[in-house]
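Single-structure report; data block below.
Remember, it's 1-based here, ligands and their atoms both numbered in the order they're listed. Computed from a predicted model, the values in this text were never measured in an experiment.
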Amino acid sequence: MIDLLKTKLKDILKPDQILDKEVDLRLYDTDATSLFKNKPALVLLPNTTEEVAQIVKAINLINNEYGKEQTCFKKSDDIHKLSFIARGAGTGLSGGAIGDKSSVIISIARLNKIINIDKTNRTAIVETGLINSALSSETKCDGLHFAPDPSSQDACTIGGNIAENAGGIHCYKHGVTSEQILGLEIVTPEGDIEYLGTLNPRSLGVNQCSLDLAKLFTGSEGTFGIATKAMVRLQSIPEAFLTIQACFDSSANAGRAVSTIIKFGFKPTAIEMIDAGAIEAVNSAYNLGLEAKIQAILLIELDGNNEEILHDASLIKEILHDENRKFNLIKYSETQDLEERKFLWKVRKGTVAAFGQIAPYWYLYDAVVPRSKIPEAMTAIEEIAKRHQLKLASVCHAADGNLHPNFLYDPDKDPTVIQRIHKASTEIMKLCIELGGVLSGEHGIGIEKQEYMPYMFSEDDLATMLNVRKIFDPQMISNSKKIFPLRICKEF
Ligand SMILES: Cc1cc2nc3c(=O)[nH]c(=O)nc-3n(C[C@H](O)[C@H](O)[C@H](O)COP(=O)(O)OP(=O)(O)OC[C@H]3O[C@@H](n4cnc5c(N)ncnc54)[C@H](O)[C@@H]3O)c2cc1C
């Protein structure tokens with residue numbers, strides 16, 4: 001079937017838009033998860049929405065002529081049905097953009113134009129292969145920005161953000177991706193071009209009417225089709241910023257401080273938490289001079305009107321220093337100076353690079369609990385890591401209750417480490433659900449967590465979700481083997 005598809009593709013794409021050599025396919029065999037790898041059958045590099053649509057139509061045509069019924073999920077070596085996977089920058093952390101030998105990767109990376117910036121209405125229309133930070137760089141001179149700021153924002157695409165409903169450091173105040181998406185142009189799993197939400201058709205030179213389904217599409221992890229253009233909201237760049245760095249003797253005490261600050265009604269733009277393992281890594285990589293007794297750090301950022309943030313900062317300072325609350329604060333610094341703010345943020349933003357000095361691999365896990373349960377969760381995660389002899393280093397979007405335990409590892413030196421990471425991750429997932437959390441804070445389910453879905457959802461829940469999915473994708477060929485446990489897909 002792949003050879004038949006390649007023949008058909010010759011009418012749609014130029015030879016340099018079709019990658020099928022081993023060396024090229026290996027570049028697309030994983031995302032940023034590090035634990036999962038699988039080569040796709042083909043990688044395609046379309047330049048336009050029309051090319052994406054024609055590719056998807058060609059896949060449908062081959063499936064209709066030569067495919068076999070209901071066999072997309074079969075584990076045999078034969079290819080019974082082709083599926084496709086949209087891919088942005090491949091920075092995903094749940095294996096969502098990883099294929100197999102029956103799937104074709106459709107890279108959206110070349111669809112990266114800014115089509116229109118409307119300063120009056122504070123919106124932009126972009127192709128979804130645009131890198132997240134490229135949009136804010138373009139709108140900065142007008143005092144506007146695209147608010148979702150995943151830590152990968154200099155690499156990841158807006159299409160990937162939409163598919164994963166990405167969050168970020170400053171999303172607690174300004175909202176995650178779904179709050180910023182107004183409309184979408186998509187290529188459906190049947191190869192039609194459709195418009196969802198309030199995307200103004202005239203701006204795109206088309207005259208089709210729209211349905212308000214853009215929110216439903218956001219977070220569907222590529223299983224509802226491929227987003228090719230998006231109308232996004234732009235927000236004002238805040239007038240002033242203030243960064244607080246507060247150092248504690250334990251992540252449990254830092255965690256208590258987070259929920260206390262929010263309980264009092266403050267709305268910082270970010271509260272990030274860095275645990276002992278991550279502090280050790282950045283401290284030695286950048287000589288930050290942090291004392292050994294500092295076991296957790298909070299970075300609290302306030303933005304908005306200058307007077308208001310100075311007022312809020314003074315109250316937060318008072319709360320953190322209040323001895324009756326027993327936060328055991330070791331050190332407190334605050335600044336509005338840009339260079340000093342950057343220095344305080346180094347302890348968070350430099351973590352991934354610093355991890356590389358400790359181990360060649362790092363596995364970032366996405367766990368989430370209600371904010372008030374952070375102390376309990378952090379203590380239990382430390383215990384789990386210790387029991388499985390894993391090097392733990394956590395960086396958390398603490399205001400959202402979104403914990404990111406990282407395991408730093410070297411499988412060449414420690415052959416059983418990957419098995420132990422899987423065991424520890426499963427325990428962490430169960431723990432988070434027991435504490436009232438959910439399966440993912442922002443990285444999605446993908447293949448990483450598909451078998452965990454029954455921890456949280458009943459068979460009826462899963463069947464309902466599959467029914468919604470089948471409205472968009474009746475043949476289940478758009479990122480077909482993701483999100484749902486494979487057993488349930490087969491039965492369904
Ligand atoms: C160092 C690091 C830090 C990170 N920090 C954050 C963070 O703070 N917050 C956060 O939320 N995430 C974070 N991530 C995860 C990741 O960057 C995001 O999930 C991002 O949105 C993925 O975008 P991408 O373009 O790389 O997508 P990919 O990895 O290419 O794809 C991810 C999923 O989206 C689907 N997809 C991609 N493009 C489209 C499209 N156009 N239409 C339909 N489906 C599509 C794919 O099929 C796949 O299922 C981080 C990752 C790294 C490596």
Side-chain angles (χ1 to χ4, degrees), residues 28 30-34 36 40 43 46 49 52 56 83-99 103-112 126-133 148-172 176-178 181 184-189 196 214 217-230 270 272 348-353 355-356 362-366 368 395-397 400 402 404 406 440-448 450 472-473 478-483:
Y28 291 83
T30 189
D31 59 3
T33 39
S34 80
F36 307 98
V43 176
T49 300
V52 175
V56 175
S83 59
F84 65 86
I85 299 168
R87 185 170 169 113
T91 68
L93 284 165
S94 56
I98 301 177
S103 55
V104 175
I105 300 271
I106 304 179
S107 166
I108 304 303
R110 291 183 177 182
L111 279 76
N112 59 2
V126 300
E127 290 186 324
T128 53
L130 185 73
I131 302 294
N132 171 305
S133 61
D149 63 339
S151 306
S152 54
Q153 72 179 138
D154 289 335
C156 66
T157 66
I158 291 180
N161 300 162
I162 292 167
E164 301 289 5
N165 192 14
I169 289 176
H170 296 92
C171 287
Y172 175 63
V176 295
T177 304
S178 61
I181 301 299
L184 293 176
E185 174 193 81
I186 66 161
V187 171
T188 69
L196 312 178
F217 190 99
T218 305
S220 60
E221 301 191 21
T223 60
F224 287 4
I226 302 181
T228 44
K229 293 189 184 81
E272 294 286 299
R348 166 68 176 91
K349 300 217 170 185
T351 41
V352 173
F355 292 164
W362 122 102
Y363 177 58
L364 197 170
Y365 203 59
D366 182 26
V368 61
V395 282
C396 318
H397 303 315
D400 298 310
N402 195 182
H404 285 329
N406 292 280
S440 163
E442 56 180 17
H443 297 162
I445 303 299
I447 48 178
E448 183 197 34
Q450 64 187 150
F472 282 85
D473 182 16
S478 186
N479 217 356
S480 59
K481 293 165 200 166
K482 307 288 162 60
I483 302 182

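Using modelled atom types, one finds a donor on one side chain and an acceptor on the other under 3.5 Å when comparing Glu185 with Thr49. Using modelled atom types and a 3.5 Å distance limit, the side chains of Ser133 and Gln153 yield no donor-acceptor pair. No hydrogens or angles considered: a donor-acceptor pair under 3.5 Å links the side chains of Ser440 and Asp366.
Partners of Asn479 by side-chain contact (heavy atoms from CB on, under 4.5 Å), not counting sequence neighbours, listed by chain and number: Ile85, Thr223, Lys482. By the ring-ring contact (aromatic ring centres under 6.0 Å, His included) test, His397 is found to be paired with His404, residues two or more places apart in sequence or in another chain being considered. Scored by the ring-ring contact (aromatic ring centres under 6.0 Å, His included) test, Phe224 finds Phe472 as partners (sequence neighbours excluded).
Using a heavy-atom distance under 4.0 Å as the criterion, the protein contacts of ligand 1 are Ala32, Ile85, Ala86, Arg87, Gly88, Ala89, Gly90, Thr91, Gly92, Leu93, Gly96, Ala97, Ile108, Thr128, Pro150, Ser151, Ser152, Cys156, Thr157, Gly159, Gly160, Asn161, Ala163, Glu164, Ala166, Gly167, Gly168, Glu221, Gly222, Gly225, Ile226, Ala227, His397, Glu442, His443, Asn479.
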